[in-house]
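Everything below concerns the one structure shown next.
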Amino acid sequence: MRYLLLLSAFALPACVGAGTNMPAAPGTMAAADFEVPSSPSEYVAMAGASDLYEIESSRLALQRSTDAQVQQFARRMIDHHTETTNAVMEAARSAGLNPPAPQLMPMQREMMDTLRSRDAASFDGAYLSQQRRAHQMALALHSGFAERGQ
């Protein structure tokens, strides 16, 4: 399980997205405001869902956005979150877990539906707003599990 704690520390920089030019969001979530999973398998599932949302929403941004900076950000999110998914899965297997493939949680499916329903004029704002929220949640997940997980 030590591997998962080390991984949570590794995953934090990808979630805050150093060099992504994303503005800080007001009211950033704290780990205390987030339901932190207690078991490593729950953590792995939630981390995988978080990464999958980032990847899927960013793929949609590549298709729908016409803003070069948004597209560059989306490519970076796909790359970073693919790396962290691979690292989480590797660490989970090294810790003796058999992690299933990541799946979106209901809230993330709703967020994707919202993005799909946006017209071209409102897509970028909705995408970037969701990215801020998703990154706040991911930061709370990783830091909370690093502090209080098994």
Side-chain angles (χ1 to χ4, degrees), residues 3-92 99-118 120-149:
Y3 297 109
L4 291 177
L5 288 176
L6 290 172
L7 179 64
S8 67
F10 165 77
L12 286 172
C15 287
V16 293
T20 61
N21 297 325
M22 280 192 72
T28 300
M29 294 180 124
D33 299 328
F34 188 82
E35 187 173 332
V36 176
S38 59
S39 76
S41 60
E42 290 173 318
Y43 167 74
V44 169
M46 290 180 75
S50 175
D51 279 344
L52 182 59
Y53 166 76
E54 296 289 346
I55 293 165
E56 292 299 318
S57 62
S58 295
R59 285 180 180 154
L60 185 60
L62 289 177
Q63 295 170 6
R64 304 277 307 277
S65 179
T66 58
D67 185 299
Q69 289 181 324
V70 171
Q71 290 180 347
Q72 180 182 15
F73 173 78
R75 280 190 285 282
R76 192 173 304 132
M77 291 300 94
I78 292 167
D79 292 345
H80 286 201
H81 290 283
T82 298
E83 288 175 18
T84 57
T85 295
N86 292 337
V88 167
M89 295 303 217
E90 174 78 22
Q103 294 183 30
L104 294 177
M105 293 184 289
M107 178 185 71
Q108 293 159 327
R109 286 193 294 271
E110 289 174 19
M111 291 167 71
M112 287 297 299
D113 289 344
T114 297
L115 285 179
R116 286 185 193 104
S117 71
R118 294 297 177 139
S122 66
F123 179 85
D124 288 350
Y127 168 71
L128 293 174
S129 176
Q130 284 190 11
Q131 291 302 304
R132 282 192 278 291
R133 182 169 186 225
H135 281 88
Q136 289 172 354
M137 292 171 62
L139 181 59
L141 169 67
H142 297 303
S143 61
F145 187 75
E147 291 172 17
R148 297 187 293 273

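Keep in mind it's a predicted model, so treat the numbers as computed, not measured.
Minimum interatomic distance between Arg64 and Ala120 (heavy atoms only, all atoms of both residues): NH2-N, 4.4 Å. Contact record, His142 with Ala47: CE1-CB, 3.9 Å, taken as the closest heavy-atom pair. Looking at every heavy atom in both residues, Ile78 comes nearest to Ile55 through CG1-O, 3.9 Å.
Applying the side chain to side chain contact (heavy atoms under 4.5 Å, CB included) test to Leu52 and every residue at least two apart in sequence or in another chain returns Glu56, Pro102, Leu104.
Distance check, rounded to the nearest 0.5 Å: OG of Ser50 to NE2 of His81 gives 6.5 Å. Remark: Ser122 OG to Leu115 CG distance equals 9.5 Å, nearest 0.5 Å. Separating the CG atom in Asp79 from the CD atom in Glu54 is a distance of 13.0 Å, to the nearest 0.5 Å. We find the OG-CZ distance between Ser65 and Arg118 to be 14.0 Å, quoted to the nearest 0.5 Å. One finds the CE atom of Met77 at 11.5 Å from the CG atom of Leu62 (value rounded to the nearest 0.5 Å).
Between Asp113 and Arg116 there is a salt bridge, since at least one side-chain N of the basic residue sits less than 4.0 Å from a carboxylate O of the acidic one.
The aromatic rings of Tyr43 and Phe145 lie parallel to each other, with less than 30° between the two planes, well short of the 60° mark.
For the pair Leu60/Tyr127, no side-chain contact is recorded, criterion being any heavy-atom separation below 4.5 Å from C-beta on. Side-chain contact between Ser143 and Val36: absent, with no pair of heavy atoms (C-beta onward) separated by less than 4.5 Å. A heavy-atom distance below 4.5 Å is not found between the side chains of Gln108 and Met137.
Without hydrogens or angle criteria, Ser129 side chain to Ala126 main chain gives no donor-acceptor distance under 3.5 Å.
The residue from Met111, Met112, His135 that alone fulfils the side-chain contact (heavy atoms from CB on, under 4.5 Å) condition with Gln130 is Met111.
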Practice problem: For Ser57 and Gln131, run side chain to side chain contact (heavy atoms under 4.5 Å, CB included): C-alpha distance rounded to whole Å, both residues' side-chain angles, the deciding distance at 0.1 Å, then the answer. | Solution: CA-CA 9 Å; Ser57 62; Gln131 291 302 304; 3.0 Å; yes

